[in-house]
Amino acid sequence: MTYQVPVLTPTNYPVWAVEVKSIMDAHDIWETVEPNALGEASDQKKSKQALAFLFQAIPEDMVLQMASYTEPKKVWDGLKTRYLGVDRVRTARLATLKRELESLRMKEGETVDDFVTKLSGLASKARSLGYELEESDLVKRLLDSMHKSFLQIVASIEQCFELDSMLFDEVVGRLKAYEERIRGTEKVEDTQGGLLLASEEKSHVCKHCSNGRSNRDDFGLDRRRGRGSGRSRDGNECVRDKSHVRCYKCGELDHYKNECSKWEKEEAGLIEEEPIMF
């Protein structure tokens with residue numbers, strides 16, 4: 001099996017270090033950088049192979065800078081110091097990453113995949129600086145950082161499973177399944193809401209003239225023509241069904257307020273009581 005050699009760039013050192021370490025370990029030459037036992041003498045042939053591999057994995061201008069190193073461990077340590085800094089700088093970076101991990105929260109509308117990618121990226125950066133997050137710690141941090149819309153599934157996971165032995169990928173899978181369920185429910189509710197709105201806006205057809213108008217059209221026509229009347233297609237006046245209409249004056253059905261006999265009587269009484277002016 002052959003492996004493609006990843007090339008170091010100014011921004012990919014954490015990922016590059018993981019890839020190079022795994023490839024060198026697969027070729028059985030990583031022990032030249034980190035011996036398995038203290039004081040163990042390294043194999044000269046493997047050291048040359050590891051050195052040649054590292055020179056292929058760094059830019060050409062950096063090869064000239066590292067040309068004086070004859071041991072792969074010195075090349076590896078030199079790259080680590082250059083990209084991660086000395087211990088003091090590394091400690092400051094690690095403290096910043098820890099604060100970001102503690103304050104990281106899932107935002108509203110953010111997907112589980114996007115948030116998990118963000119969390120895993122911070123964990124990888126912290127791991128490259130020497131801070132190893134245990135699987136259980138990563139699981140608990142993920143559950144504590146979820147949005148409130150996932151409160152139900154988070155509570156179920158915490159009550160039904162042992163978090164210390166639960167895998168991070170398993171938790172992510174359960175959260176994604178719940179997210180898909182929520183999206184499916186929201187789509188159904190949106191569809192039902194649209195159907196209800198369409199039914200409310202459905203045209204009312206007059207049984208006398210077969211004219212169809214919506215509620216809002218009826219309201220506008222009532223104000224212009226007088227409530228309860230309209231025109232049929234042949235131009236004749238059409239009287240709408242008012243059996244469901246309740247008068248605001250007397251409270252009885254089958255007529256509007258301006259058609260109420262009590263209203264007409266009161267208006268007539270007010271006219272008679274008006275004094276005659278000379």
Side-chain angles (χ1 to χ4, degrees), residues 1-38 40-87 89-94 96-98 100-101 104 110-139 141-142 166-173 175-176:
M1 182 180 296
T2 59
Y3 300 92
Q4 183 178 1
V5 180
V7 180
L8 181 63
T9 66
T11 58
N12 73 338
Y13 176 79
V15 177
W16 176 88
V18 174
E19 293 178 347
V20 168
K21 180 180 178 180
S22 63
I23 295 175
M24 294 179 69
D25 192 25
H27 284 282
D28 199 23
I29 57 177
W30 176 248
E31 61 186 29
T32 61
V33 178
E34 290 185 359
N36 296 327
L38 296 176
E40 181 181 359
S42 59
D43 189 330
Q44 293 297 323
K45 183 178 181 180
K46 290 184 178 180
S47 295
K48 292 180 181 180
Q49 291 176 349
L51 190 63
F53 182 85
L54 289 176
F55 282 158
Q56 292 181 22
I58 60 179
E60 294 182 357
D61 57 344
M62 194 171 292
V63 173
L64 297 176
Q65 300 174 15
M66 300 287 179
S68 59
Y69 296 144
T70 57
E71 297 180 6
K73 179 174 176 55
K74 291 184 178 180
V75 176
W76 185 267
D77 291 342
L79 294 172
K80 187 175 182 180
T81 301
R82 174 171 298 190
Y83 284 90
L84 297 182
V86 294
D87 292 339
V89 177
R90 189 183 311 166
T91 302
R93 291 181 178 178
L94 183 57
T96 302
L97 282 175
K98 287 182 178 180
E100 291 183 11
L101 282 170
L104 184 63
E110 189 175 13
T111 63
V112 174
D113 283 333
D114 292 340
F115 181 72
V116 169
T117 301
K118 190 183 300 182
L119 178 62
S120 301
L122 291 177
S124 299
K125 290 181 180 180
R127 192 178 295 113
S128 66
L129 293 174
Y131 178 67
E132 187 70 26
L133 269 173
E134 299 291 338
E135 188 89 1
S136 58
D137 295 335
L138 200 58
V139 168
R141 194 173 298 277
L142 173 62
M166 197 172 185
L167 297 178
F168 180 76
D169 292 336
E170 181 182 358
V171 179
V172 174
L175 292 174
K176 289 181 63 176

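Just so it is clear, the values below take in all heavy atoms, side chains as well, and ignore hydrogens, waters and symmetry mates.
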Check whether Ser120 reaches the backbone of Thr117 with its side chain - one donor and one acceptor, N or O, closer than 3.5 Å. no

Determine the interplanar angle of the His27 and Phe53 rings, folded into 0 to 90°, and report it as parallel if under 30°, tilted if 30 to 60°, perpendicular if over 60°. tilted

Spatial distance of atom CG (Leu133) from atom CG (Leu97) [nearest 0.5 Å]: 10.0 Å

Applying side-chain contact (heavy atoms from CB on, under 4.5 Å), run through Leu138 and Leu119 and close with a yes or a no. CA-CA 9 Å; Leu138 200 58; Leu119 178 62; 4.3 Å; yes

Leu54 side chain reached by Met24 side chain, heavy atoms, under 4.5 Å: yes

Is Thr81 reaching over with its side chain to a backbone N or O of Gly78, donor-acceptor style, under 3.5 angstrom? no

Do Val5 and Val20 come within less than 4.5 Å of each other through their side chains, counting heavy atoms only? no

Hey, can you tell me if Trp76 and Trp16 have their rings parallel, tilted or perpendicular (30° and 60° cut-offs)? parallel

Closest heavy-atom pair, Pro59 versus Leu8, reported as atoms and distance to 0.1 Å, is CG-O, 3.3 Å

Val75 vs Leu51, side-chain contact (heavy atoms from CB on, under 4.5 Å): CA-CA, chis, key distance, verdict: CA-CA 8 Å; Val75 176; Leu51 190 63; 3.6 Å; yes

If we only count heavy atoms from C-beta on, is the Val63 to Ile58 side-chain gap below 4.5 Å? yes

Check Arg93 against Tyr83 and note the closest heavy-atom contact, atom names and distance. NH1-O, 2.9 Å

State, with a plain yes or no, whether a side-chain heavy atom of Val116 is found less than 4.5 Å away from one of Phe168. yes

Sort out for me which residue in Val172, Leu175, Leu142 forms a side chain to side chain contact (heavy atoms under 4.5 Å, CB included) with Phe115. Leu142

Just by distance, with hydrogens left out, do Thr9 and Asn12 show a side-chain donor and acceptor under 3.5 Å apart? yes

Val15 vs Pro6 side-chain heavy atoms within contact, under 4.5 Å: no

Side chains of Ser47 and Pro72: closer than 4.5 Å at any heavy-atom pair? yes

What's the spacing between Thr32 OG1 and Gln44 CD if we round to 0.5 Å? 10.5 Å

Student check: side-chain heavy atoms of Arg82 and Gln65 closer than 4.5 Å: yes

In the structure I gave you, are the side-chain heavy atoms of Leu79 and Met62 within less than 4.5 Å of one another anywhere? yes

Between atom OG1 of Thr96 and atom NZ of Lys125, what is the distance when rounded to the nearest 0.5 Å? 11.0 Å

Within the 3.5 Å criterion, strictly below it, is a donor on Thr111 or Asp114 matched to an acceptor on the partner's side chain? yes

Any salt bridge (charged side-chain N to carboxylate O under 4.0 Å, His left out) involving residues 65-78? Give me the pairs, sequence neighbours left out, ordered by first then second residue. Lys73-Asp77

Restricting to non-hydrogen atoms, name the atom on Ala50 and the atom on Ile29 that form the minimum distance, rounded to 0.1 Å. CA-CD1, 3.8 Å

